[in-house]
Amino acid sequence: MIEIQILRDEKERVITGLKKRGFTTERLSIIDQIIDLDDQRKASQTRLDGLLSERNSLSAEIGNLFKSGQAEEANKLKIKVQDIKQTAETHEAELEDIKQKIEDLLVHLPNIPHASVPDGQTPEDNIIHKAWPGDLPQLPEGALPHWELAEKYQLIDFKLGAFITGSGFPLYRGKGARLQRALISYFLDHAQRAGYEEILPPYMVNSDSAYATGQLPDKEGQMYHMEKDDLYLIPTAEVPLTNMYRGQILAESDLPVKITGYTPCFRREAGSYGADVKGLNRVHQFDKVEIVQIAHPKHSYATLQVMLDHVAHLLDALELPYRILHLCGGDMGFTSALTYDFEVFAAGQQKWLEVSSVSNFESFQANRLKTRYRDENGKPQLVHTLNGSALALARIVAALMENNQTEKGIRIPEILIPYTGFDFITLPE
RNA sequence: GGAGGAGUGGCAGAGCGGUUGAAUGCACCGGUCUUGAAAACCGGCAAGGUGAAAGCCUUCGGGGGUUCGAAUCCCUCCUCCUCCGCCA
């Protein structure tokens, strides 16, 4: 949630930024609406405070009158206060109404894109921040996409997953399952070496948490919701990890906070069909290791770069060809100020697949979370939050299988062999 | 799931319905003393809103209610502890 103060102080930047997200002049009027309502809120608050102040002092007086035995005087005042109370109730209702209106508008206002964010509405408008410098893998005649390899090598049973649960819930087995576990372990180990604390969080969150990180109300339909308990299955570890610091005031010396966690991720992804959703390309449940940093506002963009390097290192180690995209305003997530996406090339289907998204949310999430640090004057200030996938498994597995298919079988990258315990996935007996 | 108890400032821990936003202790910050440190002593130390400031308002797990006035009474929800039940 954007700070109203930013709307007031940096209106020009806000307007420029929102235009990048495709805001029309008409939609931009929301800014003035909010400022106007906030002015009303202040005036209303002042009126109410005045009444409450009067009520409080008269109540104290009543107390004193009773103590000194002047019951008659006290009773007179009581009637007066009752009157004030009624007026105050009206004002309070008015104030609540204004606050609610502000909240409703503010909640639907996305983060202001960073100055470097390119204009544009669709993924085609994203800019290639870093292209793959080498050649793309050349596969031999008869190379297969991963969903066929998965069947051939008996690594993933999509049909069985669909039978047990539904489409988009893959069942990994044998070396396929082992490969998942190997990747998770490797990613976590690498994060730990980079100084992140490992967290194993709950996989369901309450609505307060989902609101705080911005999944609600914007992405309501994309999460699985347990109605009976009003809990949501997490779409990403970002939600529980970032919420660890909801409402906290950190010491400046605590920054940066660096945490990582493996979790399954659940996404309803309603309305997606066709070739894009084949095999592992888009599923309802996948595994991911997430890295999260809570940073000093002064350092958050340097931190973003470090996180980018972290992800790049993992992909280099896995020997996967990748490129980095600088997302345009229209393709960026609601809460993000700047996002880089990593895509790996899956040679079996000749497609770039998104495997990581690294973002700086600046104070947008922190404002909702009320996560702050104390500055040198002891004043609480909002932190900046950042996160990135490091990495999302399903599509990594898809690319690994496709790119590494050989006559001998599917080759396992060097770095993973200690984790898998095998260097090739061969045809089943 | 059933019975009982409890939720107060960073922590510990007071708080007859009426200057209690909250005693006290610890922690923390500043100062005095000291060559320096420790100890001792003095002072400061919750968040939010509004305001130039003084001040005023709100907040004692969340929500609602009673009252002129609620941390203190009532209702409800949540969380934690103890016991019983069930259970990987």
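We name chains A, B, ... by the order of the sequence lines, and we start the count at 1 in each one.
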Worksheet item: Expressed as a whole number of Å, how far does the P atom of B:rC41 sit from that of B:rG55?
Response: 30 Å
Worksheet item: Atom CD of A:Glu252 and atom C1' of B:rC29: how far apart are they, to the nearest Å?
Response: 15 Å
Worksheet item: Expressed in whole Å, how much space separates the P atoms belonging to B:rA53 and B:rG64?
Response: 31 Å
Worksheet item: With respect to the side chain of A:Ser53, which nucleotide from B:rC57, B:rA47, B:rC68 is positioned closest?
Response: B:rC57
Item to complete: To the nearest Å, give me how far apart CD (A:Glu376) and P (B:rC28) are.
Response: 21 Å
Discussion item. Expressed as a whole number of angstroms, how long is the span from A:Glu96:CD to B:rG63:P?
Written reply: 11 Å
Item to complete: Searching all strands shown, indicate the nucleotide that pairs with B:rG21 (Watson-Crick or G-U wobble; both distances under 3.5 Å).
Response: none
Worksheet item: Should A:Arg374 be listed as having a side-chain N or O under 4.0 Å from OP1 or OP2 of B:rC29?
Response: no
Worksheet entry | Nucleotide opposite B:rA3 in a Watson-Crick or G-U pair, distances under 3.5 Å | B:rU82
Practice prompt. Look at the side-chain N and O atoms of A:Arg47 and state whether any lies under 4.0 Å from the OP1 or OP2 oxygen of B:rU50.
Written response: no
Worksheet item: Quick one: A:Leu231 CG to B:rC78 C1', roughly how many Å, whole number?
Response: 13 Å
Discussion item. If you only use heavy atoms from C-beta on, which nucleotide in B:rA47, B:rG49, B:rC57 is closest to the side chain of A:Leu52?
Written reply: B:rC57
Worksheet entry | A:Glu151 (side chain) donor-acceptor with A:Glu148 (main chain) under 3.5 angstrom | no
Worksheet item: With nearest nucleotides of RNA chain B determined for A:Thr46 and A:Ile62 from heavy-atom distances, which residue corresponds to the more 5′ nucleotide?
Response: A:Thr46
Item to complete: Can you figure out which of B:rG51, B:rC56, B:rG18 approaches the side chain of A:Lys42 most closely?
Response: B:rG51
Item to complete: Measure from NZ or CZ of A:Arg27 to the centre of the six-membered ring of A:Phe23, then state whether that distance is under 6.0 Å and the direction lies within 45° of the axis.
Response: yes
Worksheet, complete the sentence: Comparing nearest nucleotides in RNA chain B, the 5'-proximal residue of the pair A:Lys78, A:Lys370 is A:Lys370
Item to complete: Please measure how far the P atom in B:rC11 lies from the corresponding atom in B:rG62, and state the result in whole Å.
Response: 15 Å
Practice prompt. Taking atom P in both B:rU32 and B:rA22, compute the distance separating them and give it to the nearest angstrom.
Written response: 29 Å
Worksheet item: Quick one: which of B:rG48, B:rG49, B:rC68 gets closest to the side chain of A:Gln82?
Response: B:rC68
Worksheet item: Whom does B:rA53 pair with, Watson-Crick or G-U wobble, provided both distances fall under 3.5 Å?
Response: none
Fill in: Side chain A:Asn56 and base B:rG69 donor-acceptor under 3.5 Å
no
Worksheet item: For B:rC41, which nucleotide in any strand shown is its Watson-Crick or wobble partner with both distances under 3.5 Å?
Response: B:rG31
Discussion item. Aromatic contact between A:His299 and A:His384, with the criterion being ring centroids under 6.0 Å apart: yes or no?
Written reply: no
Worksheet item: Judged by atom type as modelled, is there a donor-acceptor pair below 3.5 Å linking the side chain of A:Lys278 to the main-chain atoms of A:His146?
Response: no
Discussion item. Measure CD/A:Gln248 against P/B:rA47 and give the value in whole Å, please.
Written reply: 15 Å
Worksheet item: Rounding to the closest angstrom, what is the interatomic distance between B:rA46 and B:rA54 at atom P?
Response: 15 Å
Worksheet item: Looking only at atom P, what distance separates B:rA3 and B:rC77, rounded to whole Å?
Response: 12 Å
Fill in: B:rC60 - base-pair partner by Watson-Crick or wobble geometry, distances under 3.5 Å
none
Worksheet item: For atom CD of A:Glu414, is the number of surrounding heavy atoms from other residues, nucleotides or ligands below 6.0 Å larger than 12?
Response: no
Fill in: Pair A:His326, A:Asp341: side-chain N/O donor-acceptor within cut-off below 3.5 Å
no
Fill in: A:Gln215 and A:Phe334, any side-chain heavy atoms less than 4.5 Å apart
no
Discussion item. Counting only Watson-Crick pairs (N1-N3 plus N6-O4 or O6-N4) and G-U wobbles (N1-O2, O6-N3), all under 3.5 Å, who is the partner of B:rA88?
Written reply: none
Practice prompt. Could you tell me the separation between the CG atom of A:Leu51 and the P atom of B:rC68, rounded to a whole number of Å?
Written response: 17 Å
Discussion item. Just the rounded figure in Å: distance from P of B:rA47 to CD of A:Gln381.
Written reply: 12 Å
Discussion item. When you measure from the side-chain N and O atoms of A:Lys85 to the phosphate of B:rU67, is any distance below 4.0 Å, counting only OP1 and OP2?
Written reply: no
Item to complete: Please check if any side-chain donor atom of A:Asp32 sits under 3.5 Å from a side-chain acceptor atom of A:Ser29, or the reverse.
Response: no
Discussion item. Return the pairing partner of B:rU67 with a 3.5 Å limit on both distances, Watson-Crick or G-U wobble; otherwise return none.
Written reply: none
Worksheet item: Say you pick atom C1' in B:rC28 and the same atom in B:rU66; how far apart are they, in whole Å?
Response: 41 Å
Practice prompt. Round to a whole Å and report the spacing from CD of A:Glu89 to C1' of B:rU66.
Written response: 13 Å
Fill in: Whole-Å P distance, B:rG25 and B:rC84
41 Å
Worksheet item: Hey, is the side chain of A:Arg55 poking within less than 4.0 Å of OP1 or OP2 on B:rU67, counting only N and O atoms?
Response: no
